[in-house]
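Below you'll find the structure, written out as structure tokens, and then a few comments.
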Amino acid sequence: MKRFLKLSWCIFFLISTTLFSCSEIMEKTEPPGEGDISTRSSSYTDYYWYNGTKVGLNKKKDKKFILFKASDEQAVALFITNAKTIAQPQEVILSPKIQGSKAKPSSELLKWAVIETSLSFASSPNILYEAPYFLTENGDELGLSHLFYVRLRDKEDLAKLTELASSNKVEIIGNNEYMPLWFTLACSKESTGNALGLANKFYETNLFEACQPNLMGDFGVTCVNDTYFSSQWNLSNTGQNGGTPGIDIKYCDVRSVTQGSSSIVVAIVDQGIQLDHPDLNVYSTSYDTETGTSPSVVRGNHATSCAGIAGARANNNLGVAGIAPNCPLMSISNNLVIAPDVTQKLADGINFAWQHGASVISNSWYSPYQDALLTDAINAALSGGRSGRGSIVVFSAGNDDRNSVSYPANSIADILAVGAMSPCAERKNPSSCDGENWWGSNYGSALDVVAPGVFIPTTDRTGSAGYGGEDYYLTFNGTSAAAPHVAATAALILSQNSNLTQKEVANVIESTARKVGNYSYTTTYGRPNGTWNEQMGYGLLDALSAVLGADCQTTSIQGITYTSSTTVAGCYIQAVDITVSNNSKLTLVASKRIEISPSLNVNNGSTFEMAVN
């Protein structure tokens, strides 16, 4: 159903799908009288019983488990249009050791997903069940599925379980072949509570030996087995280097969606990648700008380390994990030192890259002066790459700790200018938590996003040639380290949807960035992809959200006066400083969301309509 709103005044608001909250129904009875609450905090919102003792939990307000029929997946996706999907829909597969008629596979396949939202979906006929996430006393996240388990005292107690299940509208799936006194039960939104509340309710009747909700948590197995992955806080921040857990690019989450494509090539314009490094996915074509010949030449250590962040082979029991391990790395080598004609050679490298199939061009360097020839080469890549859709060009912002992004990152709006972030969600600066007080990330009006830029484990030249005399360098830093994070994420986006233009990829990266740190992100003129801050840009790169947004491009309209009737349609529409006049009509139609920032002016006699459907 479309929802239309007519306006004739200047407005500022956000339109999104309207959902109605419905509080959970959960009966509580008195506990059997055993045990203290097993938590160091006396403040908790919920609990479950384990060995006769309450274990305290605190409910999260912004993350949920949902259950639905596979046949309704498309309808569910439309209904939860404003919720961010954390875990993609997956089939519900129960233990094969559950005995009973209800345990046999049914013709109606069920799926589950995890979404980030504070809203309830009780009003949707397509959502069979929803339940919140919780935090343990140690800060670990636990999801709650639709299942809970009951252990009978005796097999004769099945009648009691059947009666209680019926009165609470709970389905008995069956019992375990190995442990026949343990029964699996399933809730729905018709039940008198969720799986946690009903497990407690059943236990507190004193009729059963034990009752356990099906809580879902991380079992401590890392998402990849690379040797130094536990040190890669940029990919999975567990507090390494005194950092803030969770402040990372969501690498482990995005791996389940895509690891890249062999058809999406990432060029590293730098000092030349070590082509035979055992942990790098190197492309067959390379180029040396100094001699104008192929292959490229290793002219320093820098490129091999930048390359490892973007595309080291992952989950191979070796070294480090790259962000886009399936995307080949094109090596473009240059001395990157002061010398006659150096900028023309760098321009040659950029032109070679896009003309030889590079979808993304990563540049972890900057210049103290502007150069029109180099700027033209970058413009050619942005417009001519990928058969006219444009190559994505990424540049580092600079390491001078000044309120001015360096050239070339500041030269063209379509370049993705990347700053560096500390492990504690700060702009990397001399006072940030990492302790490297000799440098800071540049910032200012040209900054687009930030990415991890200190203590970054990555590949090094093998043997004694590299930075540390080993095959890996565990403390690579600078906006040089930050830029390949964004380049690799752009490659992941294109692996999902290669039809996107360069501008659409940049919009996705900017509009999905996380607003982290103690910074004020505000609506800013010239920044249509959400709120922005001069020290953090749009925020921290979020690889998962960016990839999930690959099929939802942002349509931005800014500073336009409409004098004839116009319809703008898209997935996600952002409108800034729009005027409708001359008795005309402007209609915005979006499948996901419409954002309107100051100001929208609808002059007398003109009409504005919008719909989210």
Task: Residues Tyr443 and Asn429: side-chain donor-acceptor under 3.5 angstrom - done: no
Open item on the list: Suppose the criterion is ring pair (Phe, Tyr, Trp, His ring centres under 6.0 Å): which pairs have a residue in residues 380-428, not counting sequence neighbours?
Closed with: Trp365-Phe395
- [ ] Would you please say whether a donor-acceptor pair under 3.5 Å links the side chains of Ser331 and Ser296?
- [x] yes
Task: Side-chain donor-acceptor pair present, Asn399, Thr479, cut-off under 3.5 Å - done: yes
Open item on the list: So does Trp439 get a backbone contact from the side chain of Lys428, meaning a donor-acceptor N/O pair under 3.5 Å?
Closed with: yes
Task: Main-chain N/O of Arg461 paired with His277 side-chain donor or acceptor, under 3.5 Å - done: no
Task: Donor-acceptor side-chain pairing of Ser480 and His302 below 3.5 angstrom - done: yes
- [ ] Anything under 30° is parallel, anything over 60° is perpendicular, the rest tilted; go ahead and classify Tyr472 against Tyr228.
- [x] tilted
Open item on the list: Determine whether a donor-acceptor pair (N or O, by modelled atom type, separation under 3.5 Å) exists between the side chain of Asp460 and the backbone of Tyr473.
Closed with: no
TODO: Flag the pair Asp448 and Arg527 as a salt bridge only when some basic side-chain nitrogen lies within less than 4.0 angstrom of an acidic carboxylate oxygen.
DONE: yes
TODO: Please determine, by modelled atom types, if Ser520 and Thr522 share a side-chain donor-acceptor pair under 3.5 angstrom.
DONE: no
TODO: State, without any angle test, whether Asn442 and Ser406 hold a side-chain donor-acceptor pair at a distance under 3.5 Å.
DONE: yes
- [ ] Using a strict 4.0 Å threshold on nitrogen-to-oxygen distance, state whether Lys515 and Asp542 make a salt bridge.
- [x] no
Open item on the list: Once rounded to the nearest 0.5 Å, what's the spacing between atom OG of Ser545 and atom CD1 of Ile249?
Closed with: 11.5 Å
Open item on the list: Heavy-atom count check: over 12 atoms from other residues, nucleotides or ligands less than 6.0 Å from Asp276 CG?
Closed with: yes
Open item on the list: Quick test of your reading of the model: are Lys60 and Glu141 salt-bridged, counting only N-O distances below 4.0 Å?
Closed with: yes
Task: Sole candidate of Leu235, Val320, Asp226, Ile309 that passes side chain to side chain contact (heavy atoms under 4.5 Å, CB included) when paired with Pro457 - done: Val320
TODO: Answer yes or no: is there a donor N or O on one side and an acceptor on the other, between the side chain of Tyr538 and the main chain of Asn529, under 3.5 Å?
DONE: yes
Open item on the list: For Gln558, is the CD atom crowded, meaning more than 12 foreign heavy atoms sit under 6.0 Å from it?
Closed with: yes
Task: Inter- and intrachain pairs under ring pair (Phe, Tyr, Trp, His ring centres under 6.0 Å), touching residues 313-334, at least two apart - done: none
Task: Asn315 side-chain N/O to Asn225 backbone N/O, donor-acceptor pair under 3.5 Å - done: yes
- [ ] Check whether any side-chain heavy atom of Asp270 lies under 4.5 Å from a side-chain heavy atom of Ile273, and answer yes or no.
- [x] no
Open item on the list: Any side-chain to backbone donor/acceptor pair from Ser261 onto Ser495? Under 3.5 Å, distance only.
Closed with: no
- [ ] Determine yes or no for a side-chain-to-main-chain donor-acceptor pair under 3.5 angstrom, with Arg299 supplying the side chain and Gly272 the backbone.
- [x] no
Open item on the list: Students often mix this up, so state it plainly: with edges at 30° and 60°, are the rings of Tyr519 and Tyr521 parallel, tilted or perpendicular?
Closed with: perpendicular
Open item on the list: Checking the side chain of Ser305 only, and the main-chain atoms of Thr459 only, is there a donor and an acceptor separated by less than 3.5 Å?
Closed with: yes
TODO: Measure the shortest side-chain to side-chain distance between Ile332 and Thr289 over non-hydrogen atoms and say whether it is less than 4.5 angstrom.
DONE: yes
Task: Atom pair CG (Asn234) and CD1 (Ile247), whose distance is rounded to the nearest 0.5 Å - done: 13.0 Å
Open item on the list: So, using side-chain hydrogen bond (donor to acceptor under 3.5 Å, both in side chains) as the criterion, who are the partners of Thr458 when residues are at least two apart?
Closed with: none
- [ ] Kindly say whether Val454 contributes a backbone atom to a donor-acceptor pair with the side chain of Glu436 at under 3.5 angstrom?
- [x] no
TODO: Report yes or no: does Gln496 contribute a side-chain atom to a donor-acceptor pair with the main-chain N or O of Thr258 at less than 3.5 Å?
DONE: no
